[in-house]
Peer 1: 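What follows is a single structure, and I will ask about it in a moment.
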Amino acid sequence: MSQTEIPSAADTAQLTNQIAFAPLCDRFGRVHSALRISVTDRCNIRCQYCMPDHDLQFLAQHRLLSFAAIERFVKAVAKAGVTKIRITGGEPLMRPNLAELIERLADIREVEDLALTTNGMLLASQVSELVAAGLKRINISLDTLNEVTFEKIARRSGLQRVLEGIEAARAFPQLKLRLNALVLKHVNEDDIVPLAHFARQVSIPIRFIEFMPLDAERKWNGTQMLSGQEIRSLIEKEFGPLIKQESKDPSQPASDYQFADGRGLVGFIDSVTTPFCSSCNRIRLTAEGKIQNCLFGREEWNAAPLLQDDKASDAAIVDLVRTAVLRKHAAHGIAQPGFEPPQRAMYQIGG
Ligand code: SAM
Ligand code: SF4
Ligand code: SF4
């Protein structure tokens, strides 16, 4: 087509489509290709770094996005280059019939990576249907191997159920598993080395996470956080120098290492001391349908009305997400003076 020629109606339609579904690039050049979907804010435990112990106001069931609405959202953003989906919560396995949602999302052609983050308590009874539905990866949170410490952190019992969940998931060799451990100073510091031994024994990579100011009780002040560097030192003291692994994915939040003897992988998510915001590619959808552009974002965009409106187009849904992405800040600013934690705690966003 020459510069003076007027494009045909078909060409114009194609161009309009390309513009509407262009990649979700923010003001800092970060392209957003990963989506975390919270399917519930409920949980069967009460981790002190995430939830309050009591006086919880959970969303009424009718306010949760339906599976059809979530599928609709994913189909729309997939057209704009979102290919990685993680299901989270609250505890996602508390959402009835979760396998049905997995099946719907696994069927979306553009979705290349479909993963779940869970506390593992209900995994033993659900893992086979989740795998059958098309789930490829599961991260299981495990902060301790000691029941007393588990109860101190989770304010509920249940370590045995988590371990049974891990065992059940290991029966599926096609499933990629990972353990996530959040470390709190003077609470589960002594669990770091036993957890690393356990991870090697069960051949599952483990990642240690720094405690971020996302606890519901707003107690975070940095003093309970053990830095990734401190955790790494404890591990190297036990296992010898760790061998850095090159990451193929620059948006990957963890730095991963191999143990000195070549057996097993350990990673560190140093979100507070070494923020990885400059390569962040994540957006989030809360259980009631709010788009969040950052864990620490103070604004949110309500996608629920569009998702419930049969007449709303995919372009309108992507447009709302683009607005959110364009309002994203460069970084979380935890270390900046005047930093304020977000209104929502982790369980209300979706970690
Ligand atoms: N309930 C599931 C679980 O615990 O795996 C999924 C949701 S949970 C919010 C997801 C992850 O967020 C967990 O691995 C948990 O350790 C992490 N998390 C929760 N609160 C956090 C905080 N204040 N700082 C850093 N990570 C946190
Ligand atoms: Fe529940 Fe996960 Fe939060 Fe723990 S971290 S309270 S398991 S949602
Ligand atoms: Fe991304 Fe916000 Fe997390 Fe930084 S704090 S990595 S910008 S979600």
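Each ligand, and each atom within it, is numbered from 1 in the order the structure gives.
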Peer 1: If the cut-off is 4.0 Å to any non-hydrogen atom of Cys43, which atoms of ligand 2 fall inside it?
Peer 2: 1 (Fe), 6 (S), 7 (S), 8 (S)

Peer 1: Has Gly90 got any heavy atom lying under 4.0 angstrom from an atom of ligand 2?
Peer 2: yes

Peer 1: Should the proximity of Thr117 to ligand 1, defined as any heavy atom under 4.0 Å, be assigned to the side chain, the backbone, both, or neither?
Peer 2: both

Peer 1: What's the shortest distance from atom 4 (Fe) of ligand 3 to any protein heavy atom, and which residue and atom give it?
Peer 2: Cys277 SG, 2.3 Å

Peer 1: If we set the cut-off at 4.0 Å for heavy atoms, which region of Arg282 has an atom near ligand 3: side chain, backbone, both, or neither?
Peer 2: side chain

Peer 1: Is ligand 2 less than 4.0 angstrom away from at least one heavy atom of Met51?
Peer 2: yes

Peer 1: So is Tyr49 touching ligand 1 or not, going by heavy atoms under 4.0 Å?
Peer 2: yes

Peer 1: Starting from atom 5 (O) of ligand 1, what is the nearest protein heavy atom, named by residue and atom, and what distance separates them?
Peer 2: Ser141 OG, 2.6 Å

Peer 1: Any idea which protein heavy atom is nearest atom 18 (N) of ligand 1, and the distance to it?
Peer 2: Met346 CE, 3.7 Å

Peer 1: Using a 4.0 Å heavy-atom threshold (strictly under), name the region of Arg284 that reaches ligand 3: side chain, backbone, both or neither.
Peer 2: side chain

Peer 1: Please work out, at 4.0 Å between heavy atoms, whether the side chain, the backbone, both, or neither of Cys50 comes within that distance of ligand 2.
Peer 2: side chain

Peer 1: Would you say Cys294 reaches atom 2 (Fe) of ligand 3 with an N/O/S atom under 2.8 Å?
Peer 2: yes

Peer 1: Begin from the C-alpha positions of Asp113 and Ile85 and carry the test side-chain contact (heavy atoms from CB on, under 4.5 Å) through to its verdict.
Peer 2: CA-CA 6 Å; Asp113 187 10; Ile85 308 289; over 6 Å; no

